[in-house]
Amino acid sequence: MVRYWLMKSEPGAYSIDDLERDGTTHWDGVRNHQARNLMRDDVKVGDLVLFYHSNADPPGVAGVAKVVREGYPDFTAWDPKDRHFDPRSDPEAPTWSMVDIAFVERFRDPVPLRSLKDDPALDGMLVTQRGQRLSVQPVEKHLFKRVLDLAKRSPAG
DNA sequence: GCCAACGTTGGC
DNA sequence: GCCAACGTTGGC
């Protein structure tokens with residue numbers, strides 16, 4: 001069964017445009033246990049992903065990706081030159097996991113966080129909740145579809 | 001740049 | 001095990 005997710009990236013680090021250019025990418029560098037658990041255990045090939053730009057102006061959902069490879073060791077944890085190097089991650093028992101995602105679509109009009117918060121149909125969506133920092137979040141199907149609807153709606157209304 | 005929210009670390 | 005200090009996230 002296809003599941004739905006939201007993944008955050010700072011566009012200065014990696015944006016939906018970068019993914020469109022690259023086609024696929026490793027979702028590396030996640031160093032949070034809860035997000036790691038989701039990628040290791042729950043994110044499956046074929047799942048769909050809302051690609052979210054955090055620390056952007058404005059922050060919001062910029063497009064869609066799909067999962068093309070399931071959880072496997074995040075090898076950047078073993079690279080001393082990598083920003084996310086973790087000397088405690090043992091190659092024999094990897095601490096951190098990642099998945100691969102592929103480009104699906106870049107919204108012509110990204111859906112700002114403000115619009116997500118203002119939409120009563122999206123009540124309860126994790127990303128709209130204050131203090132919610134999880135960088136890989138589950139998204140309920142009806143919420144995922146609603147975000148797509150918002151993205152397709154013309155800016156004029 | 002500010003700062004609230006949250007996770008992690010480390011002294012005790 | 002508690003909790004203060006500290007670092008990071010991420011909206012504004």
Side-chain angles (χ1 to χ4, degrees), chain A residues 3-22 25-43 47-65 67 71-101 103-140 142-144 146-151 153 155 157:
Chain A
R3 279 191 265 197
Y4 303 88
W5 308 93
L6 179 145
M7 295 188 184
K8 298 180 184 174
S9 182
E10 300 193 16
Y14 198 84
S15 71
I16 189 73
D17 301 288
D18 293 323
L19 183 59
E20 182 169 22
R21 178 197 64 216
D22 295 343
T25 194
H26 316 298
W27 204 254
D28 61 81
V30 172
R31 297 292 180 265
N32 168 280
H33 290 274
Q34 196 176 348
R36 184 279 314 274
N37 292 348
L38 291 173
M39 291 201 296
R40 186 190 60 197
D41 303 333
D42 296 323
V43 178
D47 287 358
L48 292 169
V49 175
L50 296 174
F51 195 114
Y52 181 87
H53 283 169
S54 60
N55 261 317
D57 186 21
V61 179
V64 177
V67 178
Y72 65 106
D74 181 348
F75 49 73
T76 67
W78 305 322
D79 179 358
K81 295 188 294 295
D82 193 277
R83 178 167 178 264
H84 301 287
F85 175 59
D86 179 1
R88 290 170 301 186
S89 181
D90 176 3
E92 300 297 318
T95 305
W96 303 111
S97 294
M98 63 182 175
V99 299
D100 289 356
I101 62 171
F103 178 80
V104 172
E105 149 172 45
R106 176 185 180 282
F107 295 156
R108 186 183 349 174
D109 304 301
V111 183
L113 177 61
R114 182 74 260 161
S115 298
L116 302 179
K117 288 183 173 178
D118 286 346
D119 184 358
L122 293 177
D123 277 357
M125 189 175 182
L126 287 177
V127 75
T128 65
Q129 291 171 19
R130 176 185 176 80
Q132 176 53 263
R133 306 190 311 183
L134 195 59
S135 64
V136 176
Q137 304 179 355
V139 176
E140 292 176 52
H142 72 279
L143 299 177
F144 183 95
R146 176 64 179 173
V147 173
L148 293 192
D149 287 344
L150 292 180
R153 201 161 66 181

Return the value, rounded to whole Å, for the distance between atom [atom1] of [X] and atom [atom2] of [N].
X	N	atom1	atom2	result
A/Glu10	C/dT8	CD	P	12 Å
A/Leu113	C/dG10	CG	C1'	10 Å
A/Arg133	B/dT8	CZ	P	9 Å
A/Gln129	B/dC6	CD	P	10 Å
A/Asn32	B/dT9	CG	C1'	16 Å
A/Leu134	C/dG11	CG	P	13 Å
A/Arg83	C/dT9	CZ	C1'	11 Å
A/Asp118	C/dC12	CG	P	10 Å

Quiz item: Which of residues 49-62 of chain A sit near DNA chain B, with a heavy atom under 4.0 Å from it?
Solution: none
Can a donor-acceptor pair be found, under 3.5 Å and without considering hydrogens, that links the side chain of [X] to the backbone of [Y]?
X	Y	answer
A/Asp22	A/Thr25	no
A/Arg36	A/Thr95	yes
A/Arg31	A/His84	yes
A/His142	A/Leu122	no

So, is [X] close to the [N] phosphate, meaning a side-chain N or O under 4.0 Å from OP1 or OP2?
X	N	value
A/Arg130	B/dA5	yes
A/Lys8	C/dT9	no
A/Lys117	C/dC12	yes

Quiz item: Looking only at side chains, do A/Trp27 and A/Asp100 share a donor and an acceptor under 3.5 Å apart?
Solution: no
Self-check item: CG-CG distance between A/Leu143 and A/Leu116, expressed to the nearest 0.5 angstrom
Solution: 10.0 Å
Exercise. Look at all strands and tell whether A/Arg88 reaches a base, only sugar-phosphate, or nothing, counting heavy atoms closer than 4.0 Å.
Key: sugar-phosphate
Solution key, residues 3-13 of chain A side-chain donor-acceptor pairs under 3.5 Å, sequence neighbours excluded:
residue: A/Trp5; atom: NE1; partner: A/Asp47; partner atom: OD2; Å: 2.9
residue: A/Lys8; atom: NZ; partner: A/Gln132; partner atom: O; Å: 3.0
residue: A/Lys8; atom: NZ; partner: A/Leu134; partner atom: O; Å: 3.4
residue: A/Ser9; atom: OG; partner: A/Tyr14; partner atom: O; Å: 2.6
residue: A/Glu10; atom: OE2; partner: A/Asn55; partner atom: ND2; Å: 3.2

